[in-house]
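Comments concern the structure below.
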2 protein chains.
Amino acid sequence: MRAADEAFASGGPTVSMDEIAGAAGVGVGTLYRHFPTKEALFVAVVSHHLSLLCDEVETLRDASDPGAAFYDLLDRMVQEATDKRDLIDALSRAGIDPSDGVGEVKERLHAAVGALFARAKQTGAVRDDLGVDELLSLLMGTCTAMCQVDADQAARARMMAVIFDGLRPPTAPRHSASRR
Amino acid sequence: MRAADEAFASGGPTVSMDEIAGAAGVGVGTLYRHFPTKEALFVAVVSHHLSLLCDEVETLRDASDPGAAFYDLLDRMVQEATDKRDLIDALSRAGIDPSDGVGEVKERLHAAVGALFARAKQTGAVRDDLGVDELLSLLMGTCTAMCQVDADQAARARMMAVIFDGLRPPTAPRHSASRR
DNA sequence: AAGAATACGGAACGTCGGTTCCGGTTGTCA
DNA sequence: TGACAACCGGAACCGACGTTCCGTATTCTT
């Protein structure tokens, strides 16, 4: 059942309950017997994904090379989120809506990524003027950017290179983006 | 009338026609007398914005310092797109849907940005391994990322710094983002 | 094996938003 | 000044979608 639900999530949060039910081979009534509302179903699927992601990140927490592990993680996250479009919405919701059930999982992800992020900073692999929130937001943005150029793998690699290079410690203060 | 339409666009493409009409101080019927469909209205607004943006970019085409002009432009675009949420959808549509009326304006924007981009490359202000499509997609992603951290101007500046530093020519080949 | 309780599928309902259409109004021309 | 025409506002229509409900199937119990 969850398997069919994942299939739903790939289409984004706009698919109708009928379609989800159809994909799962059940009636809509069955869906509502397991989840009180569509929102709840979406949250469940999203939380599940985020939870898996958390496990992965927590595994990397004590990696011997935090920098490499960090960039590897980013690469994988973006790669995965590009396929599963719902993960993007997941991340975006994680940043926006602290009320619903995603909130707790978001905390976990935040903490796990934060830990790895901090270690990577210590080794000088990433710049130290960036917060976890900003990192996650950037990551989210990158994912949506990736969804634009569906096919071209090379283009994606170039875009990732931009982000990665930007995350490294700047060799020298070169530009200020401040305004107002 | 257009003025009121812009007000609509700020709320994203999901606002109802009734709300738009209300904001414009007219009835829905009037809206439909000027635009055959909601989609058309949206396209009109978006095209208008993109058109203005094109004018701006084309002005910068022959700037004495293409690099500075380029980064200044990015800064302004992101800043503006953060306020006007519809511009994000505009950029995203520009990348995705070549069928509707936005297509032509997208060509113009593509060409104008491409020209400035090329000149900035020549002066060594930006890396030369990136295409215009990738740049625009990245820009779009950055905008959506910005919309996450609504308030904090400092956070936005840090995120922009990441993007900007990533766009500069890498000092040395340091990391490969390829996979698969 | 029979009855009850639970689960199931899908038809039915209410709401919401895009689109259409009709009655009123304003401006124009003779 | 009176009739005609264009325009306007908003009520009415229609389809889509989330949600609910009921008749039926299935399984568990004794």
Side-chain angles (χ1 to χ4, degrees), chain A residues 1-50 84-90 92-94 96-103 105 147, chain B residues 1-50 84-90 92-94 96-103 105 147:
Chain A
M1 175 163 298
R2 277 287 171 84
D5 292 345
E6 318 273 348
F8 123 85
S10 306
T14 59
V15 289
S16 71
M17 289 296 260
D18 288 313
E19 288 180 76
I20 302 171
V26 300
V28 281
T30 307
L31 248 51
Y32 278 92
R33 206 161 306 104
H34 290 275
F35 305 94
T37 177
K38 177 179 180 177
E39 177 79 12
L41 171 60
F42 185 71
V43 166
V45 169
V46 151
S47 292
H48 183 236
H49 275 189
L50 283 184
K84 313 265 180 184
R85 282 207 56 214
D86 60 337
L87 225 178
I88 300 171
D89 297 286
S92 93
R93 293 223 165 201
I96 290 177
D97 205 336
S99 64
D100 52 16
V102 187
V105 191
C147 286
Chain B
M1 175 163 297
R2 278 287 171 84
D5 292 343
E6 319 273 348
F8 124 84
S10 306
T14 59
V15 290
S16 70
M17 290 297 260
D18 288 311
E19 288 181 75
I20 302 171
V26 300
V28 281
T30 308
L31 248 51
Y32 278 91
R33 207 160 304 105
H34 292 274
F35 305 94
T37 178
K38 178 179 180 179
E39 177 79 12
L41 171 59
F42 185 71
V43 166
V45 169
V46 150
S47 292
H48 183 235
H49 276 189
L50 284 185
K84 313 265 182 188
R85 284 207 56 211
D86 60 337
L87 224 178
I88 300 171
D89 298 285
S92 91
R93 295 224 164 201
I96 290 178
D97 204 338
S99 64
D100 53 16
V102 187
V105 191
C147 285

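Chain letters run A, B, ... following the sequence lines, proteins first and then strands; every chain starts at 1.
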In whole Å, I'd like the distance from the [atom1] atom of [X] to the [atom2] atom of [N].
X       : N      : atom1 : atom2 : answer
A:Asp18 : C:dA11 : CG    : C1'   : 11 Å
A:Met17 : C:dG10 : CE    : P     : 15 Å
B:Glu39 : C:dG17 : CD    : P     : 18 Å
B:Leu41 : C:dT19 : CG    : P     : 10 Å
B:Phe42 : C:dG17 : CZ    : C1'   : 16 Å

Where along residues 24-33 of chain A does a heavy atom come under 4.0 Å from DNA chain C, residue by residue in number order? A:Gly25, A:Val26, A:Gly27, A:Val28, A:Gly29, A:Thr30, A:Arg33

Contact list for residues 23-33 of chain B, test side chain to side chain donor-acceptor pair (under 3.5 Å), sequence neighbours left out: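 Residue pairs with at least one partner in residues 23-33 of chain B: there are none.
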
Under 4.0 Å: is that the gap between some side-chain N or O of A:Thr37 and OP1 or OP2 of D:dG18? no

Identify which nucleotide among C:dC8, D:dC8, D:dG18 has an atom closest to any side-chain atom of A:Lys38, counting heavy atoms from C-beta outward.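 Among the listed nucleotides, the one closest to the side chain of A:Lys38 is D:dG18.
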
Between C:dG17, D:dC17, D:dT19, spot the one nearest the side chain of B:Ser16, thanks. C:dG17

Quick check on DNA chain C: between A:His34 and B:Pro36, whose nearest nucleotide comes earlier from the 5' end? A:His34

Give the table of side-chain donor-acceptor pairs shorter than 3.5 Å for residues 12-29 of chain B, with sequence neighbours excluded, one pair per line with atom names and distance.
from: B:Ser16; atom 1: OG; to: B:Glu19; atom 2: N; distance (Å): 3.2
from: B:Ser16; atom 1: OG; to: B:Glu19; atom 2: OE2; distance (Å): 3.4

